[in-house]
There are 2 protein chains.
Amino acid sequence: MTSLVRSVSESTVRRLSLYLRTLERLQAEGAETVASGDLADRAGTTAAQVRKDLSSFGSFGTRGLGYRVGPLHARIREILGLTRPWRVVLVGAGRIGSALFAYPHFRERGFRIEAILDSDPAKIGGVWEGVTIQSAAHLEQVLARAEAEILILAVPAGAAQELAERAAAAGVRGILNFAPVRLRLPDEVEVNNVNLAVELEALSHALVLAEVQG
Amino acid sequence: MTSLVRSVSESTVRRLSLYLRTLERLQAEGAETVASGDLADRAGTTAAQVRKDLSSFGSFGTRGLGYRVGPLHARIREILGLTRPWRVVLVGAGRIGSALFAYPHFRERGFRIEAILDSDPAKIGGVWEGVTIQSAAHLEQVLARAEAEILILAVPAGAAQELAERAAAAGVRGILNFAPVRLRLPDEVEVNNVNLAVELEALSHALVLAEVQG
DNA sequence: GCTGGCTTGTGAAAATCTTCACAAGCCAAG
DNA sequence: CTTGGCTTGTGAAGATTTTCACAAGCCAGC
Ligand SMILES: NC(=O)c1ccc[n+]([C@@H]2O[C@H](COP(=O)([O-])OP(=O)(O)OC[C@H]3O[C@@H](n4cnc5c(N)ncnc54)[C@H](O)[C@@H]3O)[C@@H](O)[C@H]2O)c1
Ligand SMILES: NC(=O)c1ccc[n+]([C@@H]2O[C@H](COP(=O)([O-])OP(=O)(O)OC[C@H]3O[C@@H](n4cnc5c(N)ncnc54)[C@H](O)[C@@H]3O)[C@@H](O)[C@H]2O)c1
């Protein structure tokens with residue numbers, strides 16, 4: 001392979017994101033190196049899993065010592081595509097939308113929310129930290145002006161499909177979708193769904209199961 | 001097995017939650033029955049997967065016809081533990097916490113937020129839809145009074161572990177954790193983590209990968 | 001420069017999850 | 001009552017993911 005980024009499995013990618021955050025903590029603590037077992041404990045997995053994950057993109061730990069925190073952090077940032085900023089547009093200036101917008105961590109990681117859209121006349125024209133909420137009717141123009149690559153969809157389920165289609169047609173490459181619907185879009189658009197109902201229901205299932213069994 | 005609830009795999013559980021919502025839509029559309037292929041299309045999986053998932057708890061579709069929407073819906077609610085209400089306490093009356101509290105869907109599904117806690121004196125004493133925000137110092141008493149089974153943790157990462165430990169000691173059985181830290185708790189406490197940074201970073205990885213490859 | 005103690009990298013095995021493929025079975029129509 | 005068209009339920013196959021186990025290798029200390 002010639003590229004810095006190799007294909008790794010979906011579950012590995014999600015763990016890499018956890019390792020990244022763990023490495024940031026280690027850096028803050030002043031650690032120079034970290035062993036797979038330590039990283040695993042902190043991230044909630046196993047040493048073997050950590051090593052497999054890291055070896056999947058040709059890693060460079062040192063036997064007897066572990067991984068050097070700084071270089072490993074840099075390498076994972078590369079793999080995850082975090083070495084450059086992403087231009088993001090947020091659609092839906094509601095409760096979830098405002099929480100995401102105000103969350104500083106995303107901006108720090110390079111996800112820049114360039115524009116906010118909503119359909120509610122009461123919200124349009126409002127200003128959040130210097131960003132004016134615009135009408136969703138202008139979705140295409142806003143996406144084009146911002147050269148947006150990622151769309152965050154935080155609108156009611158009924159509005160999601162249409163907005164997603166328009167965004168896809170306007171050239172958006174990835175969508176983080178909070179609406180509890182399956183979006184039907186061309187294959188070249190990456191969609192990642194966040195469904196909080198699923199999370200709560202998985203928890204409730206686990207509790208019921210625990211009642212019945214051991 | 002004697003119980004109504006059987007052990008099914010984690011991924012099956014998550015899909016069941018998606019099927020549940022799809023079935024609710026079908027019910028609203030007046031559909032009496034649904035075939036595995038149709039359910040699969042709407043939920044974003046395959047017909048074989050749907051049938052495997054449903055057969056894993058001894059299902060009762062009708063060959064040539066499909067599944068009856070009503071009974072299947074009821075059965076999945078049972079499996080997911082949604083046939084009875086859950087007593088929930090929310091800790092962290094911030095942006096994510098307020099979005100979750102205001103989301104009507106959770107209440108409709110039986111997740112009842114009985115109390116809200118925060119540590120910020122400016123927030124304590126505030127009232128949200130009739131629920132008064134109380135001091136997190138009283139966590140144990142509030143949990144006991146509410147007989148809380150589930151805790152939603154929407155506090156900064158630094159505060160999460162301590163609050164989780166106290167809640168676990170006070171008898172909470174499940175935690176939905178939004179703080180980006182791994183909670184270390186006794187095994188009998190179920191923890192489900194929601195990490196939005198992971199979701200965004202998985203998306204960014206996919207986009208970088210798409211640039212490099214086909 | 002050699003030794004001892006750790007830790008990585010990785011094939012192989014095990015476990016888990018998904019897809020395939022088709023017999024079994026039901027319904028409706030004639 | 002029989003036939004035809006569909007669809008389920010499910011073993012088996014295939015794919016993927018996780019765990020195991022150990023040789024290879026590095027560092028620090030002597
Ligand atoms: N709040 C939660 O905790 C929560 C939990 C799970 C899922 N969700 C999902 O997230 C999404 C947003 O939820 P929320 O709680 O923020 O809702 P919300 O009602 O607070 O916000 C939705 C926003 O979208 C705007 N909107 C509606 N139609 C639009 C359109 N066509 N174009 C542009 N903007 C439009 C509304 O004006 C509003 O500002 C929903 O799909 C919801 O189901 C929310
Ligand atoms: N907002 C987002 O989009 C977002 C995204 C990803 C993750 N998160 C995570 O969710 C959590 C909450 O985020 P947020 O944006 O709602 O933050 P926030 O600052 O808006 O809210 C946090 C709330 O917790 C309260 N709090 C702090 N310490 C407490 C304690 N010891 N006991 C009780 N309450 C306490 C604060 O007073 C505040 O009201 C954080 O861990 C954050 O990392 C948030």
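FYI, side chains are in, hydrogens and waters are out, and symmetry mates aren't considered; it's all heavy atoms of this structure. In what follows, every chain begins at residue 1, and chains take the letters A, B, ... in the order their sequences are listed.
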Enquirer: Counting only heavy atoms not in A:Arg25, do more than 12 fall under 6.0 Å of its CZ?
Expert: yes
Enquirer: CD of B:Gln49 versus C1' of C:dC20: gap in Å, rounded?
Expert: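 The distance from CD of B:Gln49 to C1' of C:dC20 comes to 13 Å, rounded to the nearest Å.
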Enquirer: Taking the side chain as everything from C-beta on, heavy atoms only, tell me whether B:Arg107 gets closer than 4.5 Å to B:Phe101.
Expert: yes
Enquirer: When you measure from the side chain of A:His73 to the backbone of A:Glu24, do you find a donor-acceptor pair of N or O atoms at a distance under 3.5 Å?
Expert: no
Enquirer: Scan side-chain atoms only and decide if A:Thr22 and A:Arg42 contain a donor-acceptor pair under the 3.5 Å cut-off.
Expert: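 No, because no side-chain N or O of A:Thr22 sits under 3.5 Å from a partner of the opposite role on A:Arg42.
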Enquirer: Rounded to the nearest 0.5 Å, how far apart are CG of A:Leu72 and CD of A:Gln27?
Expert: 9.5 Å
Enquirer: When every nucleotide of nucleotides 2-14 of chain C is labelled 5' to 3' by its protein contacts under 4.0 Å (heavy atoms), B for base, S for sugar-phosphate only, - for none, what sequence of letters results?
Expert: ----BBBBBBB--
Enquirer: Give, for atom OG of A:Ser204 and atom CZ of B:Arg84, the distance between the pair rounded to the nearest 0.5 Å.
Expert: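 Output value for this atom pair is 8.0 Å.
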Enquirer: Under a 4.0 Å heavy-atom cut-off, which of residues 10-19 of chain A touch DNA chain C?
Expert: none
Enquirer: Among B:Leu139, B:Asp118, B:Ile116, B:Val142, find the residue that satisfies the side-chain contact (heavy atoms from CB on, under 4.5 Å) test when tested with B:Val91.
Expert: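 Of the listed residues B:Leu139, B:Asp118, B:Ile116, B:Val142, the side-chain contact (heavy atoms from CB on, under 4.5 Å) partner of B:Val91 is B:Leu139.
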Enquirer: Name the closest nucleotide to the B:Ser9 side chain, picking from D:dT19, C:dC17, D:dT17.
Expert: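 In terms of side-chain proximity for B:Ser9, the closest of D:dT19, C:dC17, D:dT17 is C:dC17.
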Enquirer: Short question: side chain of B:Arg184, backbone of B:Gln161 - any donor-acceptor pair under 3.5 Å?
Expert: no
